[in-house]
Amino acid sequence: MTEPEAGRDRTRDAANQPLPRDAELGSETSAPVEATAPPVGAPSSAIPPSEEPAPSGSTAQDAELESLYEQGLDIKARSQWALARRRFLRHKLAVGSLIVLILIFGAGIFAEQIAPYSFSEQNFEDGNLGPTFHNQHYFGTDVLGRDYFSRVVFGIRTSVRVALLVAFLSTIIGVLIGAIAGYFGGWIDNLLMRFTDLMLTLPILAVLLVASALLGEGSPYRVAIILAFFFWTTLARIVRGSFLSLREKEYVEAAKAIGANDRRIILRHMLPNTLGAIIVNLTLTVATAILIEATLSFLGFGVRPPTPALGKLIEEGQGEMLIGHWWLVVFPGLMIVAIVLCINFVGDGLRDALDPTQRRTT
Amino acid sequence: MGAREPILSLRDLQVEFNTDDGVVRAVDRVSYDIYPGETLGVVGESGSGKSVTVMSILGLIPQPPGRIVGGEALFRGVDLLKVSKPELRRIRGKDVAMIFQDPMTSLNPVFRVGEQIGEALRVHDPELDDDGTRTKSIDLLKLVGVPNAEARHDSYPHEYSGGMRQRAMIAMAIANQPSLLIADEPTTALDVTVQAQILEVLKTAQKETHAATILITHDLGLIAEIADRVVVMYAGHVVETGDVETIFHTPRHPYTLGLMNSLPRVEADERWLKPIPGQPPSMINVPPGCPFHPRCELRQGRDICRQETPLLESIESSDHLARCHFKDELRGTASKFAEDQEVAS
Amino acid sequence: MFTYIVRRLLYSIPVLIITSFLIFMFVSASGDPLNQVRQIPRVSQKTIDNIIERKHLEEPLIVQYGYWVKDAVTNQFGTSLLSDEPILPDIRRVLGNTMQLVIMAEIISAILALLIGVVSAVRQYSVFDYAATSLSFLGFSTPVFWLALLLQILFVTIYLKTGTRVFFTGGLSSPNPSNFWIDRLQHLALPTITLVILSVAQYSRYVRASMLEVVNSDYVRTARAKGVRESRVVMKHALRNAMIPFVTVLALDFGGLLGGVIATETVFSLDGMGRYLIANLSERDVYPLMAWLMVTAVIVIAFNLLADILYGILDPRIRYD
């Protein structure tokens with residue numbers, strides 16, 4: 001969906017933002033601190049003072065500078081996130097989508113409280129009903145009289161659980177591998193790039209189908225882990241590209257020059273500047289994971305009963321679809337579309353808010 | 001000069017851009033004239049509206065977000081802001097031609113250079129056949145000093161150097177013998193050594209076409225070299241205009257004076273350069289009153305500068321105009337270039 | 001150019017070898033291929049021993065890989081677990097059917113995406129642009145299989161209500177069609193529409209984005225400044241440049257389309273690559289699966305090569321030596 005745009009100059013775009021001076025203040029005021037930091041164990045300059053006690057024997061001047069520095073950091077952090085929040089809130093569609101999404105996810109979490117029936121409860125007297133308010137069968141029932149509204153609500157829970165797990169796991173893997181490849185370069189980088197190239201040689205859905213069919217055993221957790229194992233490559237490429245360009249930035253070189261170690265440079269200087277792209281990618285991964293999980297389950301190789309899943313619901317409804325029970329197919333599908341559409345809109349808003357350098361290509 | 005008819009006359013041109021952060025008034029009631037055969041230099045910092053002014057009258061600013069709010073742009077008595085799109089198109093590239101800043105990006109990478117010059121010819125002369133177009137394009141390339149023009153005609157832009165590309169751009173601009181040539185920072189993107197060559201090509205082009213030239217630049221050296229008259233712009237306003245001697249020696253606007261005094265002189269041994277304090281204003285929040293007042297050394301806390309926008313007024317009923325409440329206080333003040341001359345004479 | 005293609009073809013050989021190795025290891029690592037077979041009661045231990053011997057399953061993995069490659073090259077990908085029929089003829093048949101579907105869908109998608117993308121970019125922020133943007137968001141938020149099912153519901157209903165067959169909702173051809181090609185089109189129409197809707201959603205965004213990058217570029221402004229007619233500015237100067245990445249994406253995305261047919265063919269019971277994959281997944285028969293993955297990899301690699309060549313043809317800045 002998104003391609004890393006490695007060549008783009010992030011600072012230049014940042015300078016176009018309305019409040020660049022606040023953002024610069026942090027780095028400007030940090031300079032004197034770096035200059036006065038003791039040469040041994042010097043890395044204190046690269047982290048906020050709260051994480052490490054002020055070096056003993058620091059003069060009053062040092063303390064003053066420290067507080068000034070802290071202030072600067074504070075202003076920087078506040079203004080950037082406030083700016084992002086303002087930009088996101090201006091995106092009405094994204095805000096609306098976020099609210100809908102919270103409602104849908106909430107329904108999934110509190111499925112027991114929200115659903116009028118259980119997932120597999122059969123009620124033959126109410127069988128074959130179209131969408132109706134009668135006995136709260138809002139999405140209708142199948143031949144066995146199972147309530148599809150309840151089934152969909154329980155299905156949301158599984159879909160969301162799988163998708164969030166995929167997003168979480170693949171983000172961790174992707175950030176780790178991308179950061180290592182982008183920061184150290186060399187053979188690690190080469191290996192990563194060749195590997196992601198190879199992953200692009202096959203349709204991802206086919207690979208996931210095979211893996212899920214042979215290893216998934218219908219368990220949502222196994223399916224999630226399988227998905228995550230193949231989903232990290234996009235993010236790894238994004239993080240790598242971003243790190244590659246950040247590595248050349250003056251403030252990173254300055255941090256290196258004063259002897260900050262790799263971990264500190266990555267965590268304090270480079271990762272925060274990539275965070276926007278990571279969050280946006282995480283959001284979009286949730287959307288893709290929901291679609292793929294639904295497809296796998298529909299084809300019979302994803303989540304299997306007794307665990308409820310939206311894709312499987314559609315597959316079960318398909319049998320009755322041709323005898324006119326269209327609602328069994330339409331409502332679970334509409335729910336998938338609603339969730340994925342909302343996530344995509346939120347992702348779009350987040351992209352505008354957090355990561356103006358990444359433009360949508362899809 | 002007043003007796004002659006200007007070839008292009010801008011009156012109160014106003015251009016705005018809608019941005020995420022509000023409306024930017026990029027060009028604010030700009031008026032200036034250019035007469036046949038002369039070279040008019042338009043100077044200003046980036047963002048002062050000097051390029052937008054000329055782009056907008058040719059319909060070359062993206063609309064939206066750009067918008068021409070008001071004013072007139074009379075080209076030989078025809079208001080370019082009111083003519084139909086096809087009519088404006090017939091004027092563009094034929095009567096009024098443009099040379100752009102960055103020759104690296106101004107040529108289409110997927111077409112041969114000769115083809116692109118040929119297109120300029122054919123658009124305004126559909127009768128022209130393939131051979132005629134080719135001959136003419138090659139002649140134009142020769143004129144602007146592209147060596148081995150026959151072979152270079154069929155090269156792609158990426159096979160040209162930056163200086164050669166700008167030559168090709170000039171060839172394209174003078175293809176139809178325009179009566180007005182607009183050069184927008186024609187040398188800025190080039191190496192210093194190449195700049196001088198391109199300047200020569202530009203002079204050749206002027207001689208060949210007898211076109212009036214608007215030279216937009218922030219390079220005062222370039223202005224001194226070829227301009228007859230100068231327009232100084234600041235924050236979307238024309239702040240001063242006059243002939244090149246007057247502007248360089250006895251400017252009457254504090255901004256122009258600051259500009260001149262901030263320049264290094266080759267002859268003098270200057271220990272310090274004298275910059276204009278402060279920064280150009282954000283175009284979203286242009287200061288009220290005179291837009292230059294926060295940086296002005298002449299203001300000295302006077303309220304009128306913050307309250308009233310001064311008018312562009314003639315100085316001692318000459319062609320020298322300045323937009324400053326206290327321009328008379330600069331009477332007798334000379335820039336350091338005037339000193340040079342005194343020393344020299 | 002010729003030497004470049006030859007060099008690229010040579011370069012593809014190690015890529016294919018590595019890919020084949022990874023495919024084999026990936027499928028082998030995913031469990032005992034005989035798991036499913038052992039659970040069928042009527043399959044005797046003797047049959048299983050036979051299979052083990054025939055497929056060299058008692059040998060180390062690397063040796064098995066060698067046998068598999070040998071079979072693939074010399075013996076039409078060998079046979080499946082239970083039957084003695086070679087795999088390749090089956091794949092050839094389903095691949096032919098899938099290609100009819102995919103190529104038709106790709107051509108229609110490309111044309112529609114160009115139209116929509118160009119108009120969206122030229123009239124940015126117009127009603128058309130907003131509508132196209134909203135619809136494409138809807139498009140790539142919709143699961144393929146569900147869209148296919150909706151079309152099925154719609155056209156079955158039309159058939160039931162009016163009695164006329166506009167499009168068939170399953171299969172590839174009727175038993176005795178009066179006109180073979182019209183019948184084939186009636187069968188392929190709905191799967192094609194499904195794929196087209198999803199592809200256009202993506203591609204039109206792509207065309208729009210690359211057109212937007214180009215329409216405000218300096219050289220397009222130069223063309224305007226020359227007095228070139230606006231339609232020509234867009235169709236010649238802008239589109240010619242925007243086409244370069246788009247054509248590349250079309251070729252690269254071919255693999256994605258092969259993924260898209262899996263669900264589509266399953267819903268429309270179309271005898272193609274996708275259904276073949278699903279059928280063999282249900283059997284847990286690893287040999288056709290590996291053959292499927294290998295053939296698909298070859299196709300994708302071929303289209304990657306095609307993308308590179310097209311890029312060189314379209315962009316004079318690319319040199320091949």
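Every value quoted in this text rests on a predicted model; they were computed, and no experiment measured them. By convention in this document, chain letters (A, B, ...) are assigned in the order of the sequence lines, proteins followed by strands, and residues within each chain are numbered from 1.
In this structure, no portion of C:Ile299 lies under 4.5 Å from any heavy atom of chain A. Proximity to chain A is absent for every atom of C:Tyr203, based on heavy atoms less than 4.5 angstrom apart. With a 4.5 angstrom heavy-atom cutoff, A:Leu334 touches chain C via backbone and side-chain atoms both. Heavy-atom distances place no part of C:Leu160 under 4.5 Å from chain A, backbone and side chain included. Using a 4.5 Å cut-off between heavy atoms, A:Ala211 contacts chain C through both its backbone and its side chain. Heavy atoms of A:Ala213 lying under 4.5 Å from chain C belong to its backbone as well as its side chain.
A donor atom on one side chain and an acceptor atom on the other are not found under 3.5 Å apart for C:Asp271 and C:Tyr276. Looking at C:Ser120 and C:Gln124, their side chains never bring a donor and an acceptor atom within 3.5 Å of each other. Residues A:His91 and A:Asp352 bring a donor and an acceptor atom of their side chains to less than 3.5 Å of each other. Side-chain polar atoms of C:Arg205 and C:Thr133 form a donor-acceptor pair below 3.5 angstrom. No side-chain N or O of A:Glu315 forms a donor-acceptor pair with one of A:Ser297 less than 3.5 Å apart.
The candidate from C:Leu150, C:Leu258, C:Leu149, C:Leu22 with the greatest count of non-hydrogen atom pairs under 4.5 Å with chain A is C:Leu149. In terms of heavy-atom pairs under 4.5 angstrom with chain A, the leader among C:Leu289, C:Ile278, C:Thr296, C:Ile301 is C:Ile278. Ranked by heavy-atom pairs under 4.5 Å with chain A, the list C:Thr266, C:Leu293, C:Val144 is led by C:Leu293. For the options C:Ala263, C:Ser282, C:Ser136, C:Ser210, heavy-atom pairs under 4.5 Å to chain A are most numerous at C:Ser282. Highest contact tally toward chain A, considering only C:Gly274, C:Gly260, C:Pro143, C:Ser204, is held by C:Pro143 [criterion: heavy-atom pairs under 4.5 Å]. When each of A:Ile336, A:Val207, A:Val210 is checked for heavy-atom pairs under 4.5 Å with chain C, A:Val210 comes out on top. When C:Leu252, C:Val156, C:Ile262 are compared by the number of non-hydrogen pairs under 4.5 Å with chain A, C:Ile262 comes out ahead.
In this structure, C:Thr98 contributes its side chain and C:Met273 its backbone to a donor-acceptor pair below 3.5 Å.
The CG atom of A:Leu299 sits 7.0 Å away from atom CG of A:Leu205, with the distance rounded to the nearest 0.5 Å. To the nearest 0.5 Å, atoms CD1 (A:Ile104) and CE (A:Met335) are separated by 5.0 Å.
For A:Ser219, the side chain to side chain contact (heavy atoms under 4.5 Å, CB included) criterion is met by A:Tyr221, A:Arg222, not counting sequence neighbours.
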